[in-house]
2 protein chains.
Amino acid sequence: MNTREKIILASLDLFNERGERNITTNHIASHLGISPGNLYYHFRNKTDIIYEIFLQYQLLVDHYLQAPEGRPLTVEDQFDYLESVFDGLWSYRFFHRDLEHYLESDERLKADYRKFTQRCIGSVVNIIRGMELSGILRPVSDHLRRSLALNVWLVVTNWMSFLKTAAGEESALIRKDTLKHGIYQVICLEAPYLQPAFYDQVTGLQQNYSPSVLNDLGL
Amino acid sequence: MNTREKIILASLDLFNERGERNITTNHIASHLGISPGNLYYHFRNKTDIIYEIFLQYQLLVDHYLQAPEGRPLTVEDQFDYLESVFDGLWSYRFFHRDLEHYLESDERLKADYRKFTQRCIGSVVNIIRGMELSGILRPVSDHLRRSLALNVWLVVTNWMSFLKTAAGEESALIRKDTLKHGIYQVICLEAPYLQPAFYDQVTGLQQNYSPSVLNDLGL
DNA sequence: ATATTTTTAGAGTATATACTCTAGGTGTCA
DNA sequence: TGACACCTAGAGTATATACTCTAAAAATAT
């Protein structure tokens, strides 16, 4: 692996583990055992490192949200989508934490991220429509489908932050599988629109993500 | 108004307008025309200022979410709740932006905020139950009511961040009334559970918050 | 082998930032 | 009037942080 890639990986790691705000370029360099000068040879500044990480994140999520080729959507497809997206959120979890700040200090990122959000919500809309077509969900209006997709996006992208801020001592360490309890909340959003024939199957699978966490929290 | 109160107000103002990360204690002092020494006479550090602001925020929201005295909940009550809460979110909008960071650097705040979240979600649960009792919503299981309340909380507290990150040039300036389009999304969450007798009234009022923004965004 | 380009080290710097310290002013109450 | 607590000014400091600059090593091409 070349130095540039190493910098990206180490930065992502450190940002995820200790928070971007607490990690300086000097930290990154010394963590890799390279000089600051070397780091700045490969990246003009810290903002550029973050932008590069975003590009990878974007690639990953876009890939995850692709529609299956010429076949109707299944219930399993939906859970696969959710599993993948939460995996992605986990791997790049520092990103949504101070997103607003990054967008403020990088116009490129701001424009790109906006388009990314649109694509993602568009994909969710398509997935919902796909499930209507395969008879999993009852048909809904374009308007409602859009609102539903948007709410899904809000729950998905902010679930991590909720866990981190609302979780107490005992579950202070959030792991990838804790994060996936968010899937339970997403299924709650779509449950009212499930066709009777699929209701039991979906809510059955939903139980795999039952948020015992919330009980711990007394919620 | 005494100096201590002035510092709190000025800090809140500057944090909201320019982002807490961009505002130093020296900025706050010079904005008020007082010396840094003076500021540090009243507050041990910046963290303490943020904590004090949180206490005010908490007081406000707790007040907003009180149950009405010995009468059933009305549809208007619900919209009042939502209007108030979004007002509160607007006035203290800097707070949810880097919340995780504040909780990391202040154990008091972390504990208090956790309890605050629990109280808030508890209030939402009560409001939902209230609406079931007054026949606005169909009765739901405790489990579902909780999940619903949690999703409401997620949408409400993260709507601002969504607008800021997904909104483009044209609507880059988010105002209080733009923020309230979030109410539309919240009503979408409860719509499936509305009793037929109230469906038209609620969805009618919902239209007042119709997110033309989203059309601008091409969503 | 030589020339040239790419990569790296590491000391160094300008600036910012949270916070301190001392001295002095101001109001209050006996 | 004097004692005393409260409040304020403002220069100053230790530290951090993003980033620069020069020179040299390593890789690559001719």
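Below, chains carry the letters A, B, ... as their sequence lines are ordered, and counting in each starts from 1.
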- prompt: Do the side-chain N and O atoms of A:Y57 and A:H96 include a donor-acceptor pair separated by under 3.5 angstrom?
  reply: yes
message: I want to confirm an ordering. Mapping B:G37 and A:K46 to their closest nucleotides on DNA chain D, which one lands closer to the 5' end?
response: B:G37
message: Quick check: on DNA chain D, is the nucleotide nearest B:H42 upstream (toward 5') of the one nearest A:I23, or the reverse? Name the residue that is more 5'.
response: B:H42
task: Indicate whether the side chain of B:H101 and that of A:R21 have a donor and an acceptor atom separated by less than 3.5 Å.
output: yes
- prompt: Looking only at side chains, do A:N38 and A:S35 share a donor and an acceptor under 3.5 Å apart?
  reply: no
- prompt: Rounding to a whole Å, what distance do you find between B:Y41:OH and C:dT22:P?
  reply: 17 Å
message: So if I take residues 2-15 of chain A and measure heavy-atom distances to DNA chain C, which residues fall below 4.0 Å?
response: A:T3
- request: Please examine the side chains of B:V61 and B:L65, heavy atoms only from C-beta on, and report whether any two atoms are closer than 4.5 Å.
  value: yes
query: Do the side-chain N or O atoms of A:S35 get closer than 4.0 angstrom to the phosphate oxygens (OP1, OP2) of C:dG10?
result: no
- line: Here the distance between atom P of C:dC21 and atom CG of B:L39, to the nearest Å, is 16 Å
message: At a heavy-atom distance below 4.0 Å, which nucleotide of DNA chain D is the first touched by chain A, and which is the last?
response: D:dT17 to D:dC21
task: Please determine if B:D87 and B:K176 form a salt bridge, counting it only when a charged side-chain N lies under 4.0 Å from a carboxylate O.
output: yes
task: Would you check if A:I187 and A:F79 make a side-chain contact, meaning some heavy-atom pair closer than 4.5 Å?
output: yes
message: Mind checking if A:I34 touches a base, just sugar-phosphate, or nothing, with heavy atoms under 4.0 Å?
response: sugar-phosphate
Step-by-step ring pair (Phe, Tyr, Trp, His ring centres under 6.0 Å) determination, B:Y92 to B:F54: CA-CA 8 Å; B:Y92 293 83; B:F54 163 71; 9.6 Å; no
field: Check: A:F15 ring centre within less than 6.0 Å of A:F94 ring centre
entry: yes
